[in-house]
There are 2 protein chains.
Amino acid sequence: MRIGELAERTGLSTKALRYYESIGVLPEPARTRSGYREYSTEVEDVVRFVRSAQAVGLTLGEIREIVAYRYRGEVPCAHVVDLIRRRATAIDEQIAALEQTRTELRRLERRARSLRPEDCAPTLVCHVIPRR
Amino acid sequence: MRIGELAERTGLSTKALRYYESIGVLPEPARTRSGYREYSTEVEDVVRFVRSAQAVGLTLGEIREIVAYRYRGEVPCAHVVDLIRRRATAIDEQIAALEQTRTELRRLERRARSLRPEDCAPTLVCHVIPRR
DNA sequence: GTAAGCCTTCCAGCGTGCTGTAAGGTCAAG
DNA sequence: CTTGACCTTACAGCACGCTGGAAGGCTTAC
C-alpha cells in the first residue's frame, strides 16, 4: 500500500502521515526500489489508534510513548491508564479555570447593563472591565 | 518613566511591553533624544487594562480593538460587551467539549480495570483505547 | 516523447504570546 | 576612563499539529 492509499483509507493527509513518521508515531515503512513508501496493512490499525487517542485528548508526544511500547513488543496498558488518569485530571483543572472565567464574564455582562458609556473615564480605557 | 520602571510597576517584562507596542496594543511612546522610550503615567492604566482583559480570556487582538476605540477618542463599551458575550459563548463550547472528553476518559478508565493486558491484541496497539 | 498524476525531500509558515540572544548605544558612578 | 546597568533593534525560537510550496524523480497512458 502506498502513502496515498493509506491516506485515503484513514482519512488523513499524506502530509500528516509523513509528519507522524517524522516524530516517531508511525514506524518507518519499507521502501520500493525507487524510494516510495510501501506500507503493510497493519499500519492502518496504528493510524486509527492515533486518531482515537487524539480524540480523547492525548498529545502526539503521549501517543508516541504508547506506540513505542508496541514497537518494543511490550503491552502499554499500565502506561496508558496512567496517561488517561493524568489527562482527566488536567481536563478537570482546565474546566475549573474556564468555569471561573465564565462566571467572571457573566458577572461583567450583568454589571455592564447598569453602566452608562458617558461615565466611562478615558484613563480606564473601558469601565466594563474593572481594574484588578 | 522609562520602560524598565513601567515593567516593574506593572509586573510585566520589558519584552512584553515592547511586544504589545509592536502589535498596536500600546501606543508608541515619546522618545528621549537618545532614542529611549519615555512613557507618560497614563499608559500604566492601559497596561493594567490589558492584563485585566487577558484575565477574562480576551486575546491581544481583541484588546487591540478595544484600545483602538480609546485611541480614536471613542467609548468602546458596546464593542466590549459584544466581545464579552462572544467569549462567554466560546467558553461554554470549550467546556462542553472538555466535559465530553472527560466523560469518555472516565469511561475508559473504568473499563480498563476489567481488561487484562494479556488479552491486548498487538494490532490494536492498546485495547484500553477502543477503535472508533 | 510527453503529459498527468503519483511520489520524494526540504524548508517555511500558520497562530498565540511571548522569551532569548546578539550586537550595539547611553548614562551615571567611581 | 572604565565599569555596569540600562536602553535600542532585529532576528530566532518555543509549543502544537500540522499545511503549503518548491524542485525534482517515478510510473503509466496515450
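Note on naming: letters A, B, ... go to the chains in the order of the sequence lines (proteins, then strands), and numbering restarts at 1 for each one. All figures in this text were calculated on a predicted structure; none of them were measured in a lab.
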Looking at A:Arg85, A:Arg86, A:His79, which one forms a side chain to side chain donor-acceptor pair (under 3.5 Å) with A:Asp82? A:Arg86
Can B:Arg18 and B:Thr14 be counted as having a side-chain donor-acceptor contact under 3.5 angstrom? yes
So, is B:Arg2 near the phosphate of D:dA5, with a side-chain N or O under 4.0 Å from OP1 or OP2? no
Measuring to OP1 and OP2 of D:dG17, would you say a side-chain N or O of A:Arg64 lies under 4.0 angstrom away? no
Quick check on C:dT8: is either OP1 or OP2 less than 4.0 Å from any side-chain nitrogen or oxygen of A:Arg37? yes
May I ask you to evaluate whether B:Arg18 reaches the phosphate of D:dT8, defined as a side-chain N or O under 4.0 Å from OP1 or OP2? yes
Whole-Å distance between D:dT8 C1' and B:Glu28 CD? 14 Å
Using a heavy-atom cut-off of 4.0 Å across all strands, would you classify A:Ile3 as base, sugar-phosphate, or nothing? sugar-phosphate
Side-chain N or O of B:Arg33 closer than 4.0 Å to phosphate OP1/OP2 of D:dC7: no
Less than 4.0 Å between a side-chain N and a carboxylate O, is that true for A:Glu104 and A:Arg107? yes
Rounded to whole angstroms, how far apart are CD on A:Glu5 and P on C:dG5? 19 Å
OP1, OP2 of C:dC7 versus side-chain N and O of A:Ser34: anything below 4.0 Å? no
Can you hop from B:Val81 to B:Tyr69 via hydrophobic side chains spaced under 4.5 Å? no
Within less than 4.0 Å of OP1 or OP2 of C:dG25, is there a side-chain N or O belonging to B:Arg31? no
Nucleic acid footprint by protein, nucleotides 10-18 of chain C - heavy-atom cut-off 4.0 Å, B for base, S for sugar-phosphate alone: B------BB
Please tell me whether A:Met1 and A:Tyr36 are part of a single hydrophobic cluster in this structure, the criterion being side-chain heavy atoms less than 4.5 Å apart. no
Let me know which of B:Val46, B:Val67, B:Leu12 forms a side-chain contact (heavy atoms from CB on, under 4.5 Å) with B:Tyr20. B:Leu12
Is there a donor-acceptor pair under 3.5 Å between the side chain of A:Arg37 and the backbone N or O of A:Pro29? no
Between A:Glu38 (CD) and C:dC6 (P), how many Å, whole number? 16 Å
Grab the CD-C1' distance between A:Glu21 and C:dT8 for me, whole Å please. 12 Å
